[in-house]
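Accompanying notes for the structure given below.
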Protein chains: 2
Amino acid sequence: MIKPLPTRERLIDIAGDIFGREGFKAATVRKIAEEANANIAAVNYHFRDKEGLYRAVLEDIFAKAFQKFPSVPPPGTPADPEKRLLIFIRAMFYRFLSREGWGGLSGQGKLIAREFLNPTPAFDDIVETYIRPQKNILAAIVSDVSGGKLDPDRIISCAVSIIGQCIYYAFAAPIIEKIAENLTPIEKNLDFLSDHVFRFSLGGIQSIVNTLHENNGIIGQEVHP
Amino acid sequence: MIKPLPTRERLIDIAGDIFGREGFKAATVRKIAEEANANIAAVNYHFRDKEGLYRAVLEDIFAKAFQKFPSVPPPGTPADPEKRLLIFIRAMFYRFLSREGWGGLSGQGKLIAREFLNPTPAFDDIVETYIRPQKNILAAIVSDVSGGKLDPDRIISCAVSIIGQCIYYAFAAPIIEKIAENLTPIEKNLDFLSDHVFRFSLGGIQSIVNTLHENNGIIGQEVHP
DNA sequence: ACATGAATAAAACACTTGTTTGAAACAGTC
DNA sequence: GACTGTTTCAAACAAGTGTTTTATTCATGT
């Protein structure tokens, strides 16, 4: 016999899914309350208003996922730069797409994607608490992998290239499913995808290091437009 | 003296912006009509209903952008695979982010991102008409760049990695702006960004080719979780 | 000048939305 | 068992939504 979650928790779980699937405005408190088996007024009682519920959802989603899938190896585990890169990439995939992460209630992943697209005021705190530290971790890894040969701007460019690949799988899953069935980012593909992005990115970084001397923008100057 | 656009066209332009910024549900026909200097009833008169307007917007956005920034060199222009890759990447960046593309009325880019996240029925046609052919073009380029050494699944993986990098810049622009000011994907950075993604991806493809013999999943097997 | 159809305008309609209200049910304590 | 604070519930409210209606203006061809 499983103890049922209290109303407040049920609301947060369901709301994360519905907010993500339909967006803040389109999601209605009526539907959220109904699917959570709660009364409509429960939202206002527990969270003041709809936005209060949304803030609670956002905080909950990030706290749980980063706790469950940390981006760095456990303390005391020595790891060379390449291995740290793989760990980082894999954590990202699992966080976004595994059943234990945001892939289970699949709307939750979309909620975050929506925040990237149109950050709400509530997201400012999240950026500082979770996103920026992640950027710094990855930047350090990229710097190490490149042997310290890259300037800050190029390090960040590479970091964005890496994150972009990972997030795109989560973000564009419905389209990927349509035009590349085999790569649908579901549980059993996560290791393959992590491995692919890892290798692709290693080569990418190396390539940036190797072409450092070339004058930017010379290549293909005559390409239109 | 510039001839003012007819109401129908003004509605499509403005609606693309507002739909993108706020989402289909949150965007109101009142606001769209007001900003387009049109009457509220004009939407229903010209497009039957709100969804009709949305469909018109979607079709318009894709038609214009792909006409303005084609992914392939002009007919009769011979180009080696690498050059075709650069052209493809650059076209993507300009389509998404330049003032002449979807970056001007910046909501339009977001509208497409929203469709990737949550495709509406109206998007099915777009996928077949525009997206799938793009996938095939890029797949052919990747295959050529790799010297024909990659199997279909890996080709598509690489293609997704490339597209992911490009789209991520458009999609996550607000966050990138916050944590990596120098790389804000605005007009003057597009060539730098195209060049970066081009080099990164060339190295990435090469790396996938070079590690073809390795058994998938062996690397980092003991990595948690 | 007139007739005809397309385009615009203001007002009204039916419906859904988030929120509030006041009463009822529940839990724990003395 | 009565008291108290917390939680749940059904009903009502005010604001905002997409759409329809009806009348008016505009453009064009004869």
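Computed over heavy atoms, backbone and side chain alike; hydrogens, waters and symmetry mates excluded. The sequence lines fix the lettering, A, B, ..., with proteins before strands; numbering per chain opens at 1.
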Under 30°, 30 to 60°, or over 60°: which ring-plane class applies to Phe200(A) and His196(A), parallel, tilted or perpendicular? tilted
When the distance from [atom1] of [X] to [atom2] of [N] is rounded to whole Å, what number comes out?
X        : N       : atom1 : atom2 : result
Asp49(B) : dT19(D) : CG    : P     : 5 Å
Asn44(B) : dT22(D) : CG    : P     : 16 Å
Asn39(B) : dT20(D) : CG    : C1'   : 12 Å
His46(A) : dG5(D)  : NE2   : C1'   : 14 Å
Phe47(A) : dT8(D)  : CZ    : P     : 11 Å
Leu53(B) : dT19(D) : CG    : P     : 10 Å
Tyr54(B) : dG18(D) : OH    : P     : 15 Å
Glu34(B) : dG18(D) : CD    : C1'   : 16 Å

First encountered from the 5' end of DNA chain D, between Val29(B) and Ile40(A): Ile40(A)
Comparing Tyr45(A) and Ala41(A) on DNA chain D - which has the more 5′ nearest nucleotide: Tyr45(A)
Which pairs count as side chain to side chain donor-acceptor pair (under 3.5 Å) when at least one residue sits in residues 37-49 of chain B, sequence neighbours excluded? none
Residues pairing under side chain to side chain donor-acceptor pair (under 3.5 Å) where one sits in residues 51-61 of chain A, two or more places apart or in two chains, turn out to be Glu51(A)-Arg55(A), Tyr54(A)-Glu115(A), Glu59(A)-Tyr130(A), Asp60(A)-Lys64(A)
Distance criterion of 3.5 Å, no angle test: do you see the side chain of Arg30(B) paired donor-to-acceptor with the base of dG18(D)? yes
May I ask you to check whether over 12 heavy atoms, not counting those of Glu181(B), lie within 6.0 Å of atom CD? yes
Does Ala26(A) reach a base, just sugar-phosphate, or nothing at all? Heavy atoms under 4.0 Å. nothing
Would you classify Ala33(B) as touching base, sugar-phosphate or nothing, given that sugar-phosphate means primed atoms plus P, OP1 and OP2, and contacts are heavy atoms under 4.0 Å? nothing
Within 45° of the ring axis of Phe24(B) and under 6.0 Å from its six-membered ring centre, is that where the NZ or CZ of Arg114(B) lies? no
Using the benzene-type ring in the case of Trp, are the ring centres of Trp102(B) and Phe62(B) under 6.0 Å apart? yes
First and last nucleotide of DNA chain C in contact with chain B, 5' to 3', at under 4.0 Å to a heavy atom: what are they? dA6(C) to dA12(C)
Ile61(B) and Leu111(B), any side-chain heavy atoms less than 4.5 Å apart: yes
Side-chain N or O of Thr7(A) versus OP1/OP2 of dT8(D): is the shortest distance under 4.0 Å? yes
